[in-house]
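When reading the values below, keep in mind they use all heavy atoms of this one structure, side chains included, and skip hydrogens, waters and symmetry mates.
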Amino acid sequence: MSAWGFVFLAYGIVWFALLIYLGNLKRRFRKVERELSSLRSSGGLKKNA
Amino acid sequence: MAGTMQKRGRGRRVTGILALAFILVGLYFALIEAPPDAYQGDVQRIMYVHIPSILTAYLSFFIVFIGSCLFLWKREKRDDILARSAAEIGVLFTSLTIIEGSIWGKPTWGVWWTWDARLTLTAILLLIFVGYLMLRSLIEDENRGAVCSAVVGVIGFLDIPLIHMSVYWWRTLHQPPSILRPDKLPWENVHPSMLIALAVNFAAFILLYFYLLSLRFRVGEMEEEVKTLKLYGGAS
């Protein structure tokens, strides 16, 4: 492999891994946000009932 | 409370945008603007992500150390969430450091890996913090798990000064620092164009780190709130 091959391999792995982690974090964020808002609204309904 | 969350959300977005801008400028400096190294050639460009990665990991484990100390002292959940969030991201950056170093090592040293003191201590650092994250799933009592993890977080951080000093204390294949040297100023040892590329990439990594940490911390806070609401049925 040429020097640039090693460079692109390293940069590719770094930015791919960071993008995957960011995507995973965003998905977790949205999931827990949805769960929280549904729990809050059901809690609010219980209190009103 | 909602106002604070909105402010934090806005701050996070600004940090994210700044991180993206610095990443793009950093890539330009690292791959186009900076000259190839006189001895290593173009493969030295890996250093523009390798050094920021390990410095970001050190910062992350310092935050774990602070969060763990505060949690052991005050037993406040948010300190534990901060330490846990920083540990997760620190593990990611340490893994990337080892991978980048390995890719740089093959054309430079002729091997992907060697049991050099600095490399071995960095691998130990990674294992300590993987263990830190695993402890939580292994201990059923959540509070006990948090206390045990905090102790590991404090002890684990002590590996970092060892990693830094390893190149002075032992005869290692890993070269001593080129920038943070006690005998020379950074610009006396490294060409300014290389120093700029490194500085821009370091800023990009730090901004990205704080963006990820803020996002991960918010996830942790919301997960705690979900747990509380499930336990007390929204009465809290």
Taking side chain as everything from C-beta outward and backbone as N, CA, C, O, which of these in [X] sits under 4.5 Å from a heavy atom of chain A? Side chain, backbone, both or neither.
{"X": "B/L215", "value": "both"}
{"X": "B/L212", "value": "both"}
{"X": "B/I46", "value": "both"}
{"X": "B/L27", "value": "side chain"}
{"X": "B/Y211", "value": "side chain"}

B/F205/B/V49 under side-chain contact (heavy atoms from CB on, under 4.5 Å): CA gap, chis, key distance, verdict: CA-CA 8 Å; B/F205 270 68; B/V49 283; 3.9 Å; yes
If you count heavy-atom pairs under 4.5 Å with chain B, which of A/V7, A/L36, A/V14 comes out on top? A/L36
Please rank A/K31, A/M1, A/R28 by heavy-atom pairs under 4.5 Å with chain B and give me the top one.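 With the most close heavy-atom pairs to chain B, the winner is A/R28.
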With a 4.5 Å limit on heavy-atom distance, are the side chains of [X] and [Y] in contact?
{"X": "B/W104", "Y": "B/W109", "value": "yes"}
{"X": "B/I89", "Y": "B/F217", "value": "no"}
{"X": "A/F6", "Y": "B/D42", "value": "no"}

Looking at B/E223, B/Q44, B/R45, which one has more heavy-atom pairs under 4.5 Å with chain A than the rest?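 Looking at each option in turn, the highest pair count goes to B/R45.
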Evaluation steps, ring pair (Phe, Tyr, Trp, His ring centres under 6.0 Å), between A/F8 and A/W4: CA-CA 6 Å; A/F8 286 127; A/W4 276 104; 5.5 Å; yes
Is it the case that the side chain of B/N201 and the backbone of B/A197 share a donor-acceptor pair, with hydrogens and angles ignored and the cut-off at 3.5 Å?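 Looks like yes, one N/O pair under 3.5 Å.
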Is a side-chain N or O of B/S193 found less than 3.5 angstrom from the main chain of B/A34, in a donor-acceptor match?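 Checking the backbone N and O of B/A34 against the side chain of B/S193, no donor-acceptor pair under 3.5 Å is found.
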Which portion of A/Y21 sits near chain B, non-hydrogen atoms under 4.5 angstrom: side chain
